[in-house]
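As structure tokens, the structure follows; a few thoughts come after it.
Because the structure is predicted, anything quoted here is derived from the model rather than measured. Worth knowing before you read on, the calculation uses all heavy atoms, side chains too, and leaves out hydrogens, waters and symmetry mates. Sequential numbering from 1 along the given sequence is applied to the chain's residues.
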Amino acid sequence: MKRLLLLLIFSCHFSFAQTQDETAIRKIMDDFMESLKTRNEAKFLSLFQEPVLWTGIYKDRSQAKRLEKNPKADPHFTDDYKAFIKGFKDDKSEEKFDNIKIIEDGSIASANFDYSFWYDGKMENWGKEIWTLMKINGIWKITSVTFSMELNKYAPQPSLKERTKK
């Protein structure tokens, strides 16, 4: 009986630790979205740990349309998180996340989610985004951002229900 009680206590403690880390990662996600919306460059930059890999790739439908206009258009690109935040000149840009899945072990994590990028109330693009994070001195930091991009004018984002059924 004592072993069962100890196992239960240990399990509850372990689950609580995971919940705290997941909550902290979700807070980073909220801070990311909020800092874009408010153009808070200092807050945005504080979410990352150097070096940061920032890469994207166009999904097939959007890339096909891009190739019609420019047969040499690369399907993938790299960027820099510092340049990304500097590109926001007004308060009309917003990024939204849903369908979030976080996997973590207390030291490293991945956050996988669907995103949509909006400008002036209109969705511009959407796709999947994957972050890797590290917990450094007790604080979670983003170390990479990789995403797919579908241009909404070529392929509107399916509903959350459609995106989550398998």
Side-chain angles (χ1 to χ4, degrees), residues 21-104 108-136 140-166:
D21 285 325
E22 185 172 330
T23 300
I25 292 167
R26 287 179 181 270
K27 171 85 168 84
I28 289 172
M29 297 177 81
D30 290 342
D31 289 348
F32 182 100
M33 288 185 284
E34 183 64 26
S35 63
L36 288 180
K37 193 172 185 175
T38 61
R39 297 178 328 278
N40 185 337
E41 186 175 339
K43 180 68 171 179
F44 184 81
L45 296 178
S46 76
L47 303 174
F48 296 87
Q49 175 64 44
E50 293 283 351
V52 177
L53 176 66
W54 189 288
T55 57
I57 188 163
Y58 287 95
K59 293 178 69 72
D60 291 342
R61 289 177 287 193
S62 291
Q63 180 60 9
K65 292 291 190 180
R66 293 179 72 242
L67 288 170
E68 289 174 9
K69 295 179 181 178
N70 176 4
K72 295 182 180 185
D74 282 331
H76 67 283
F77 55 91
T78 59
D79 205 347
D80 178 273
Y81 71 103
K82 294 173 186 173
F84 180 74
I85 189 68
K86 287 184 185 305
F88 295 92
K89 303 297 182 203
D90 56 37
D91 62 355
K92 295 179 181 181
S93 297
E94 183 176 8
E95 191 166 353
K96 299 177 184 180
F97 303 149
D98 62 16
N99 195 22
I100 300 166
K101 295 172 184 73
I102 296 171
I103 299 170
E104 56 82 19
I108 62 169
S110 68
N112 303 306
F113 50 90
D114 297 342
Y115 80 91
S116 56
F117 189 82
W118 298 70
Y119 184 76
D120 201 17
K122 180 182 173 203
M123 186 186 299
E124 297 288 322
N125 61 71
W126 58 273
K128 291 274 188 197
E129 195 161 327
I130 300 170
W131 293 356
T132 57
L133 303 97
M134 295 174 69
K135 192 174 189 181
I136 301 169
W140 286 100
K141 297 287 186 171
I142 303 166
T143 59
S144 72
V145 174
T146 304
F147 58 98
S148 62
M149 184 187 309
E150 190 77 85
L151 300 174
N152 201 54
K153 64 184 175 182
Y154 301 134
Q157 184 183 45
S159 70
L160 179 60
K161 185 177 180 180
E162 291 173 306
R163 288 182 278 131
T164 56
K165 68 173 140 164
K166 293 217 175 198

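Side-chain contact of Tyr119 with Asn125: a donor-acceptor pair under 3.5 Å is absent, judged by distance alone.
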Can you give each donor-acceptor pair under 3.5 Å made by side-chain atoms of residues 41-48, sequence neighbours left out, with the distance rounded to 0.1 Å?
residue: Glu41; atom: OE2; partner: Lys86; partner atom: NZ; Å: 2.8
residue: Lys43; atom: NZ; partner: Asp31; partner atom: OD2; Å: 3.4
residue: Ser46; atom: OG; partner: Lys43; partner atom: O; Å: 2.6

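With sequence neighbours excluded, the residues satisfying salt bridge (charged side-chain N to carboxylate O under 4.0 Å, His left out) with Glu94 are Lys37. Listed by chain and residue number, Asp21 satisfy the side chain to side chain donor-acceptor pair (under 3.5 Å) test with Trp140 (two or more places apart in sequence, or in another chain). With sequence neighbours excluded, the residues forming a side chain to side chain donor-acceptor pair (under 3.5 Å) with Arg66 are Gln63, listed by chain and number. Here Asn99 pairs with Lys101, Asp114, Lys128, Leu160, Thr164 under the side chain to side chain contact (heavy atoms under 4.5 Å, CB included) rule; sequence neighbours left out. Residues meeting the side chain to side chain donor-acceptor pair (under 3.5 Å) test with Ser62, sequence neighbours left out: Glu150. Residues forming a side chain to side chain donor-acceptor pair (under 3.5 Å) with Asn152 (at least two apart in sequence, or on another chain): none. Phe77 pairs by the ring-ring contact (aromatic ring centres under 6.0 Å, His included) definition with Tyr58, Phe147, not counting sequence neighbours. Under the rule for a side chain to side chain contact (heavy atoms under 4.5 Å, CB included), the partners of Glu34 that lie at least two apart in sequence or sit in another chain are Thr38. Applying the salt bridge (charged side-chain N to carboxylate O under 4.0 Å, His left out) criterion to Lys82, with sequence neighbours excluded, gives Glu50. Partners of Trp131 under the ring-ring contact (aromatic ring centres under 6.0 Å, His included) rule, at least two apart in sequence or in another chain, are Phe32, Phe97, Phe113.
Looking only at distances, a side-chain donor or acceptor of Thr143 sits under 3.5 Å from a matching main-chain atom of Thr132.
Counting only residues at least two apart or in different chains, side chain to side chain donor-acceptor pair (under 3.5 Å) contacts with residues 68-78 comprise Lys69-Tyr154.
Atoms OG and CD, from Ser35 and Glu95 in turn, are 10.0 Å apart once rounded to the nearest 0.5 Å.
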